[in-house]
Amino acid sequence: MENERVLILDAVKQVGKKVKLQGWVNTFRDHGKVSFIDLRDTSGVVQCVVVGNKEKITDESVVEIIGTVKERPKESVNKDLPTGGVEVEAESLKVLNLALELPIPVQGDGYDINEEMRLKYRYLDLRRERLQKIVKMRSKLVQAMREKLFEYDFLEIETPMLTKGTSEGARNFIVPSRLNPGKFYALPQSPQQYKQILMVAAMEKYFQVARCIRDEDLRSDRGFEFTQLDLEMSFVSQEDVMRVVEDVVKYAVKSVGANLKDEKFPVINYEDAMKEYGSDKFDLRTEKEKKENVLAFAWVVNFPFFKKVDKEDAAEVEEGRSGWVFTHNPFSQPHEEHLDWHLKGEHIPEIKAYQYDLVCNGLESGGGSIRAHDPKVLRATYEIMGYSEQDIEENIGHMLEAFSLGAPPHGGIALGIDRLIMILAGESSLKEGIAFPMTGAGKTSVMDAPSPVSKDLLKELGIKLVKESVDAVFQRVKSILDAAEVRYEVIEHKEVKTSEEAARVRGTSMDMAPKAMVMKKKSGGMVMVCVPADRKVNIKAVKDVVGEPVEMASPEEVEDKLGVKVGAVPPFGKVFGIEMYLDREFWKKDEVVFNAGRRDRSIKMKASDLIKAAEPNPASSEADFKK
RNA sequence: GGGGCGGUAGUUCAGCUGGAUAGAAUACUGCACUGUCACUGCAGUGGUCGCGGGUUCGAAUCCCGUCCGCCCCGCCA
């Protein structure tokens, strides 16, 4: 028994028993002969007493403690700690992983720490109590949604992540296809079309906890990726969908302890909402309810199907070829009594759609609609927006075809999970509810994406960059140096064009600078030859070492093939995937300085480290390429 | 694409109307301590003041440029 790890929450109930605990050092208080460790695991914190400790222990280290659970002496009971009535008297202590000095504090709520630091060290940030609670709450919420949906006989079905881009709406994130060079997949903005196709596929009730991805500029509360509870049902009315969704939402939020303002969500007309609140995203809570973090859900219904294009909005002008665009979703079904207008394209501003939004505490929490399952109706929607026959075919031809082969009436909704979690946790940023969110600049947590890819990979994908970022080659050199674990110094200076100029601004001599000359081989392909910047290259000598005739590449060819200007080519053949020869001078030198992809940056390092990192052809260590 | 704000010990910040050896809290290191619980006491380490250029006898402080970050508008069916 005592060989098995016990959670703190269970251990504290076993007074008198011997237990094995494993967890993190919350705090360590050393009193010489006796010391105290507040040990933390997923279930809680408990004080462990260690007598005669010799081990080095730091905050946030991972330790194993075997000891006996004891009632604390009356005078040392800690009322502020849930487990403060007991403590574990350690008989053995093992450090499983010693933590070094922490880059960010784990104690506290973390609000005052730089977001960039929090995300870079997200694995530390997530240890804090506040985030542990949110992550657990999110898991529980989604679990409850699943439970309820399975009760209703929904099927959980996955739809592709690599799919076809939709031309309207947000910008697509695209993924190059290696097997089809020059062609691209798009990451889904939502599973909208697939889920409707699943209805045509007779799945009747579908749901998915779906990741949606949109390449639009970021905000504090908007990342590229977000998560939706996406569902769709066949043979249903608007009221049917709303009833099921309301049940699922209520069950899920209650399972994480939320209080609802209304047991039955109010249903409000779009027009009334606009009149009453000036917005279709209104907050029904009183001041008191706001303080208590009560959830005030409401439905908004009877939205107009179309709106006039905002002339100020260039994208909408382009989009709405006729001057009309849909307000929510082009796949919606118009109200029965407006169906005739819709098919004929009359009274367009008066056409209402079976669309419903779920709002919560002033935020849009979800939106859905009964869909058009008759191809005539869907086609009419696009005709109203002014799409040509050809545009329609290109955009939704596959949907029209599917709807002509036995499509049931259907409808559904998508609920934003990130936003719901944010509201439930009482947070003001979506990122607090996401385990690994992005920074505002689109950088990923912990890992440093996006990052450049090799020329080879681009070639394989059939992609040629119109203009490589000024920094790309410089960054690639840096990552080679970092990978080789060598030290180097980056010197910033004004832009230079020649080696003489470079040597002058750096205050270094020209013979310290390996000048990278790019040459073409007779058999095709290129080689790089590095000689001191104050010397010229002896083509004959190169030919002897390479073993075939070579000639100088023109500046245009260099820039075209390597993406770097002459004069800024770094002495790193492998950055460009070409063989490199280094004149024997450099195999003896102490230090080297060179431009690396940028004319305003130089890198200074040991010559031996350059050889280690750049891996020139070993045969060149004895070669003299100078003239 | 446009606008606003910021960048100083590991972290959070002060200093910024030019005149230091650049501070505080916390973290970290060492010593002392058998009852603490944010332990305490003593001693200590730690800085290219984002980077580059300029003005000046003198720049963390003023000017120009640049990079990075945060927020907002546009955009997000």
Side-chain angles (χ1 to χ4, degrees), chain A residues 26-39 45-53 56 58-60 72-81 83-84 87 89 99-108 110-121 124-125 166-172 189-190 192-193 212-224 226 305-307 310 312-316 319-320 325-332 355 364 367 369 381-382 385 395 414 429 431 439-443 470-471 474 489-495 505 598 600-602:
Chain A
N26 212 40
T27 53
F28 176 56
R29 296 179 294 280
D30 187 359
H31 288 245
K33 292 242 169 37
V34 68
S35 49
F36 302 92
I37 294 173
D38 288 347
L39 189 72
V45 177
V46 71
Q47 171 167 285
C48 302
V49 187
V50 188
V51 178
N53 174 56
K56 182 180 167 64
T58 56
D59 285 358
E60 293 305 313
R72 290 205 201 183
K74 261 204 195 73
E75 60 279 11
S76 62
V77 166
N78 184 347
K79 291 194 191 70
D80 297 331
L81 200 66
T83 63
E87 62 190 7
E89 208 174 277
L100 303 178
E101 185 176 3
L102 302 171
I104 57 167
V106 170
Q107 307 292 335
Y111 287 122
D112 59 342
I113 306 167
N114 224 318
E115 187 177 87
E116 205 184 356
M117 290 299 285
R118 287 183 61 198
L119 297 187
K120 181 173 178 191
Y121 296 101
L124 295 179
D125 197 45
T166 46
S167 66
E168 70 264 37
R171 197 177 290 121
N172 291 308
Q189 297 185 24
S190 91
Q192 178 70 31
Q193 297 196 23
C212 305
I213 301 162
R214 296 174 185 180
D215 188 8
E216 290 297 339
D217 285 2
L218 303 157
R219 284 285 185 283
S220 60
D221 67 339
R222 196 171 73 204
F224 290 132
F226 58 96
F305 203 141
F306 300 98
K307 63 176 177 184
D310 181 352
E312 301 291 306
D313 187 331
E316 278 195 8
E319 181 74 37
V325 283
F326 51 87
T327 59
H328 276 56
N329 186 320
F331 299 108
S332 297
Q355 280 168 180
E364 186 185 334
S369 64
T381 305
Y382 279 80
M385 295 191 294
N395 277 281
S429 166
K431 290 176 191 167
T439 69
K443 290 240 174 76
V470 193
D471 216 32
F474 180 71
E489 190 186 339
V490 175
I491 305 166
E492 271 187 46
H493 48 74
K494 66 173 189 197
E495 191 165 313
V505 298
R598 300 182 56 150
D600 59 350
R601 297 283 145 93
S602 298

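Quick note on labels: first sequence line is chain A, next is B, and so on, each numbered from 1. Small disclaimer: the values here were computed from a predicted structure and weren't measured.
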Return the nearest nucleotide to the side chain of R29(A); candidates are rC28(B), rU12(B), rU36(B). rU36(B)
What does rC28(B) pair with, Watson-Crick or G-U, if both distances are under 3.5 Å? rG44(B)
Identify whether any heavy atom of E89(A) sits under 4.0 Å from a base atom; if not, whether one sits that close to sugar-phosphate; answer base, sugar-phosphate or nothing. nothing
What is the nucleic acid contact for D38(A), judged by heavy atoms within less than 4.0 Å: base, sugar-phosphate only, or nothing? sugar-phosphate
Distance from F306(A) atom CZ to T327(A) atom OG1, nearest 0.5 Å? 8.5 Å
Mate of rC37(B) where both pairing distances stay under 3.5 Å, Watson-Crick or G-U: none
How would you label the contact of Q47(A) with the nucleic acid (heavy atoms, under 4.0 Å): base, sugar-phosphate, or nothing? base
Need one value for K56(A): base, sugar-phosphate or nothing, where a base atom within 4.0 Å counts as base even if backbone is also close, heavy atoms only. sugar-phosphate
note: M117(A), atom CE; rU26(B), atom P; distance rounded to Å ~ 20 Å
Quick check: are there more than 12 heavy atoms from other residues, nucleotides or ligands sitting under 6.0 Å from NZ of K120(A)? no
So is the aromatic ring of H31(A) stacked onto the base of rC39(B), judging by whether the centres are under 5.5 Å apart and the planes are under 30° apart? yes
Of the listed nucleotides rG10(B), rU34(B), rC70(B), the one nearest the side chain of K33(A): rU34(B)
Watson-Crick or G-U counterpart of rC16(B), or none if no pair lies under 3.5 Å: none
Proximal nucleotide (of rC76(B), rC71(B), rA77(B)) relative to the K431(A) side chain: rC71(B)
Between rC72(B), rC71(B), rA77(B), which one does the side chain of F326(A) approach most closely? rA77(B)
State the CZ-OH distance between F326(A) and Y382(A), to the nearest 0.5 angstrom. 6.0 Å
Between rC49(B) and rU61(B), how far is it from one P atom to the other, in whole Å? 10 Å
Select one nucleotide: of rC70(B), rC76(B), rC39(B), the one nearest the side-chain heavy atoms of A441(A). rC70(B)
Taking all non-hydrogen atoms of both residues, which atom of R118(A) and which atom of I104(A) are closest, and how far apart? CA-CD1, 4.2 Å
d(K307(A) NZ, H328(A) NE2) to nearest 0.5 Å is 9.5 Å
Using a 4.0 Å heavy-atom cut-off across all strands, classify K79(A) as base, sugar-phosphate, or nothing. nothing
Nearest to the side chain of K443(A) - rU12(B), rG69(B), rC28(B)? rG69(B)
Is there a donor and acceptor pair, one atom on the side chain of N114(A) and one on the base of rG69(B), closer than 3.5 Å? no
Rounded to the nearest 0.5 Å, how far does NZ of K443(A) lie from CG of L218(A)? 12.0 Å
Is S76(A) touching bases, backbone alone, or none of the nucleic acid, heavy atoms closer than 4.0 Å? base
Thinking salt bridges, do R29(A) and D38(A) make one under a 4.0 Å N-O criterion? yes
Could you check whether N78(A) gets within reach of a base, just the sugar-phosphate, or nothing at all, counting any heavy atom under 4.0 Å? base
Checking all strands, does R72(A) fall into the base, sugar-phosphate, or nothing category for heavy-atom contacts under 4.0 angstrom? base
Is S190(A) touching bases, backbone alone, or none of the nucleic acid, heavy atoms closer than 4.0 Å? base
Counting the atoms with a prime plus P, OP1 and OP2 as sugar-phosphate, which does E115(A) contact under 4.0 Å by heavy atoms, base, sugar-phosphate, or nothing? sugar-phosphate
Nearest-Å distance, CG (L124(A)) to C1' (rU11(B))? 12 Å
Which is true for D30(A) with a 4.0 Å heavy-atom rule: it touches a base, it touches only sugar-phosphate, or it touches nothing? base
Do the side chain of R222(A) and the base of rC75(B) come within less than 3.5 angstrom through a donor-acceptor pair of N or O atoms? yes
Which listed nucleotide (rG69(B), rA27(B), rC75(B)) is nearest to the side chain of R219(A)? rC75(B)
